[in-house]
Amino acid sequence: MKKTLFFALAIIVVASLVISCGPPAKQKIGLSFSDFATERWPRERDNMSKILKDAGYDVLVQEANHDAKLQNDQIKNMVTQGAKVIIAIAEDGDSLATSVDEVAKKGVKVIAYDRLIKSPNIAAYISFDNTDVGRNQAKGVVAVKDSGNFVLLGGSPTDNNAHLVRSGQMEVLQPLIDAGKVKIVADQWVENWDPANAKKLMENILTATKGKFDAVVASNDGTALGALEAMKVKGLAGKVPISGQDATEAGCNSIARGELSVTVFKDDRLLTPMACEMAIKLAKKEAIPGLTNFKLADLTLNTSKSGEVPCKFLQVVQVTKANVKTVVVDSGYQSYEGVYKDVPNAPAK
Ligand code: BGC
């Protein structure tokens with residue numbers, strides 16, 4: 001009996017020694033998403049997870065379902081679970097600064113991915129040139145119709161990008177407004193960038209204006225397609241130009257069918273590996289090369305914000321019916337079948 005006990009104990013001791021001498025625990029990197037409703041986010045989650053796992057990291061993923069408070073809790077929770085680096089897509093750039101400031105004090109590095117987190121304590125902010133997104137949207141619409149009654153549909157008001165995009169749109173529209181050529185007859189922001197909200201807003205705009213508008217500057221494909229659903233009922237789809245953003249499969253298909261006039265292609269296949277490379281460098285406590293400091297006041301269009309953050313911005317490409325095949329399909333970003341689904345006279349593959 002005593003012998004059996006001795007052997008059992010010996011086995012436990014040896015086993016625990018083996019466990020404690022085993023491979024070192026993997027470092028953890030957190031991914032914090034505002035939502036998975038827009039086409040791009042699940043793709044970027046999958047791509048980031050793969051790159052980081054292949055590089056030997058444990059990946060924690062959280063989605064806040066458009067709940068800013070929940071996203072703050074999730075960030076803190078990932079840190080409790082041991083994450084030392086977090087890549088975050090903020091639901092609300094103001095609100096998320098709360099948890100980011102708190103975890104930064106513990107040495108945790110947060111990369112603001114695509115959307116700014118309004119804190120000088122972020123390790124980096126990497127995105128596309130969002131002002132240029134807005135310029136390209138307005139230019140695309142104005143190329144079809146450069147005068148008359150215009151409708152503005154902004155993105156989610158809590159997303160800093162929505163405001164940068166709007167400033168780019170206004171760079172193009174303001175001179176036309178000043179010249180008396182363009183009149184803004186409706187100006188709305190689409191909460192959560194939700195297509196269903198955009199559809200409802202457009203229904204109200206159609207009622208309020210009696211459908212008397214000539215162009216719509218919308219801020220992404222999802223909201224533009226929501227608005228187009230309402231416009232279709234009144235026979236305005238394909239007649240009134242409208243802009244989008246993201247070169248989504250449905251957006252590009254709408255372009256090919258002649259309903260959406262313009263989208264803006266932002267190649268997340270470049271942004272994702274860049275973010276992962278930075279996260280890995282931060283995990284190894286290495287410096288990140290190639291960043292430029294920008295003032296928070298400039299990034300937020302708000303002079304009361306102080307401090308600077310290291311940034312990098314990628315270029316964007318305007319996409320219309322004329323170049324959707326070469327830019328989006330031939331580069332492999334969207335499939336030919338998806339973009340030209342139910343499109344008569346599609347160009348050859
Ligand atoms: C992104 C867009 C996206 C939108 C809605 C913005 O911050 O830059 O690409 O369409 O959020 O998710």
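Sequential numbering from 1 along the given sequence is applied to the chain's residues. Atoms within a ligand are numbered from 1 in the order they appear, just like the ligands themselves. Just so it is clear, the structure is predicted and the values come from calculations on it, not from any experiment.
Y125 and Y113 have their aromatic ring centers separated by at least 6.0 angstrom.
With hydrogens left out, the protein atom closest to atom 12 (O) of ligand 1 is T38 OG1, 2.8 Å, a heavy atom. At the shortest separation from atom 10 (O) of ligand 1 among protein heavy atoms lies D246 OD2, 2.5 Å. In terms of protein heavy atoms, atom 7 (O) of ligand 1 is closest to D159 OD2, 2.5 Å.
For the pair R45 and F36, the distance from NZ or CZ to the six-membered ring centre is under 6.0 Å and the angle to the ring normal is within 45 degrees.
A donor and an acceptor atom, one from each side chain of S119 and D101, are located under 3.5 Å apart. Side-chain atoms of Q245 and K266 include a donor-acceptor pair closer than 3.5 Å.
In terms of N/O distances under 3.5 Å, ligand 1 is approached by D114. Geometrically, ligand 1 and D35 share no nitrogen or oxygen pair separated by less than 3.5 Å.
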- Task: In sequence, state the C-alpha distance, the side-chain angles, and the governing distance for S335 and E249, and then conclude on side-chain contact (heavy atoms from CB on, under 4.5 Å).
- Result: CA-CA 8 Å; S335 72; E249 183 178 84; 4.0 Å; yes

- Task: Could you go through the ring pair (Phe, Tyr, Trp, His ring centres under 6.0 Å) check for W193 and H66 one step at a time?
- Result: CA-CA 10 Å; W193 295 93; H66 291 303; over 10 Å; no

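At least one heavy atom of W41 lies less than 4.0 angstrom from ligand 1.
Between D73 and K69 there is a salt bridge, since a side-chain N of the basic residue sits under 4.0 Å from a carboxylate O of the acidic one.
Near K266, meaning under 4.0 Å from any of its heavy atoms, are these atoms of ligand 1: 1 (C), 2 (C), 8 (O), 9 (O). Against a heavy-atom cut-off of under 4.0 Å, R115 is close to the following atoms of ligand 1: 4 (C), 5 (C), 6 (C), 7 (O), 11 (O), 12 (O). Which parts of ligand 1 touch R40 is read off a 4.0 Å heavy-atom cut-off, strictly below it: atoms 1 (C), 2 (C), 8 (O), 9 (O).
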